[in-house]
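Here's the structure we're looking at; comments come further down.
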Amino acid sequence: MARNLVIGNWKLNGSLAANQELLSGLIAENQSSQVPPSSVEFVVCPPAIYIPQAQTLLNGTSISWGAQDISNESRGAFTGEIATSMLLEFGCRYVLAGHSERRQRFAESSALVASKALAALNSGLIPVVCVGETLHDRESGATFNVISEQLEPLLAQLNPHALKGIVIAYEPLWAIGTGRNADGNTVQEAHAYIRNKLAQVDLASADNVSILYGGSVKAANASEYAAQSDVDGVLVGGASLVITEFLSIGKAFKS
Ligand code: PEP
């Protein structure tokens, strides 16, 4: 069975003071909550420059941390990039790969996303590979083709034994940051499709891959996703910046 993950993507938000307040609140609430730490794993992905701060505050707690992006290169003349080995030095466990904002605003192709995810996997990080369709794709009936094309370059290169080391996040673009969340049935249908694609790589591991939903998740709608058989957690943007929201979302996923 896949483990439940609740990942907060802070995007371009935060400051030393705001992060301190948010993380201290998460730690305090998480320690006193009734959710057994093993039943749901909380992860925060701050802007890269704040990762050392997250490490200092979260070390020794049950909350993990990760990065929002990664270079597919390991070293050299790549100004502004950050390598997997650097994230590992600061205790990161996860890294997002191919968030739709990277695909759209920074023109990241599915081939590049695949090479980032493979670089992460090969170094011991867990890549959270994001896929999802636009509103136009959905309305024209192209949702599954789009998801398939986004996953293909990675799945074609992935050693079947490595499948269990990845996480997939289904994030329809029309639901991200719009307040318009997808309903539970729509999400379940997409997740089942993704799991079926993963099973074609390795049947035995497909059930163990966490498939997360992302798109305007908040405390008020989290249980609708938690009730779906192929939803193993959520990737949360805006609501991850509010302590009570993020923790309530996590509680919806306790097993
Ligand atoms: C995201 O950033 O991945 C996301 C899903 O954002 P939001 O929850 O704000 O829609």
Side-chain angles (χ1 to χ4, degrees), residues 4-14 18-19 22 26 40-48 50-51 54 64-70 92-108 110 113 116-117 120 126-135 137-138 143 146-147 150-151 166-184 186-188 190-191 194 210-226 228 230-253:
N4 284 329
L5 287 170
V6 173
I7 303 182
N9 172 16
W10 292 5
K11 309 192 186 193
L12 187 54
N13 294 295
N19 305 343
L22 181 55
L26 282 182
V40 54
E41 183 178 352
F42 284 96
V43 184
V44 294
C45 297
Y50 295 127
I51 287 172
S64 304
W65 59 96
Q68 299 173 15
D69 188 28
I70 191 69
C92 289
R93 189 165 145 78
Y94 294 88
V95 62
L96 307 185
H99 188 280
S100 63
E101 286 151 18
R102 303 284 329 161
R103 289 180 188 265
Q104 287 216 311
R105 292 170 172 249
F106 300 90
E108 292 195 4
S110 295
V113 172
K116 288 183 175 202
I126 300 171
V128 180
V129 182
C130 306
V131 297
E133 80 285 3
T134 63
L135 189 56
D137 295 331
R138 175 154 287 273
T143 296
V146 168
I147 294 173
Q150 290 171 336
L151 284 174
I166 68 170
V167 170
I168 305 286
Y170 168 60
E171 297 208 301
L173 273 69
W174 46 271
I176 297 180
T178 59
R180 178 185 171 185
N181 61 305
D183 67 51
T186 302
V187 172
Q188 169 56 29
H191 283 218
I194 292 168
S210 300
I211 305 178
L212 317 182
Y213 166 69
S216 299
V217 175
K218 40 187 190 280
N221 60 29
S223 49
E224 184 178 354
Y225 305 118
Q228 308 302 324
D230 283 300
V231 178
D232 311 302
V234 279
L235 177 53
V236 188
S240 72
L241 299 170
V242 183
I243 300 168
T244 48
E245 281 284 312
F246 195 51
L247 287 164
S248 298
I249 291 167
K251 281 181 191 159
F253 280 90

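Position 1 is the first residue of the sequence; numbering continues from there. Counting convention: from 1, in listed order, for ligands and their atoms alike. Being a predicted model, the structure only gives us computed values, none of them experimental.
- Side chain of Q68 to backbone of A48: no donor-acceptor contact under 3.5 angstrom is found.
- No option in L5, I126, V43, V44 other than V43 meets the side chain to side chain contact (heavy atoms under 4.5 Å, CB included) test with S64.
- Proximity of L173 to L135: side-chain heavy atoms (C-beta onward) are nowhere separated by under 4.5 Å.
- No side-chain donor-acceptor contact under 3.5 Å links Q150 to the backbone of S110.
- Atoms OG and CZ, from S223 and F253 in turn, are 8.5 Å apart once rounded to the nearest 0.5 Å.
- The residues lining ligand 1, counting any heavy atom closer than 4.0 Å, are N9, K11, H99, E171, A175, I176, G177, G214, G215, S216, L235, V236, G237, G238.
- To the nearest 0.5 Å, atom OG of residue S216 and atom CH2 of residue W174 are 9.5 Å apart.
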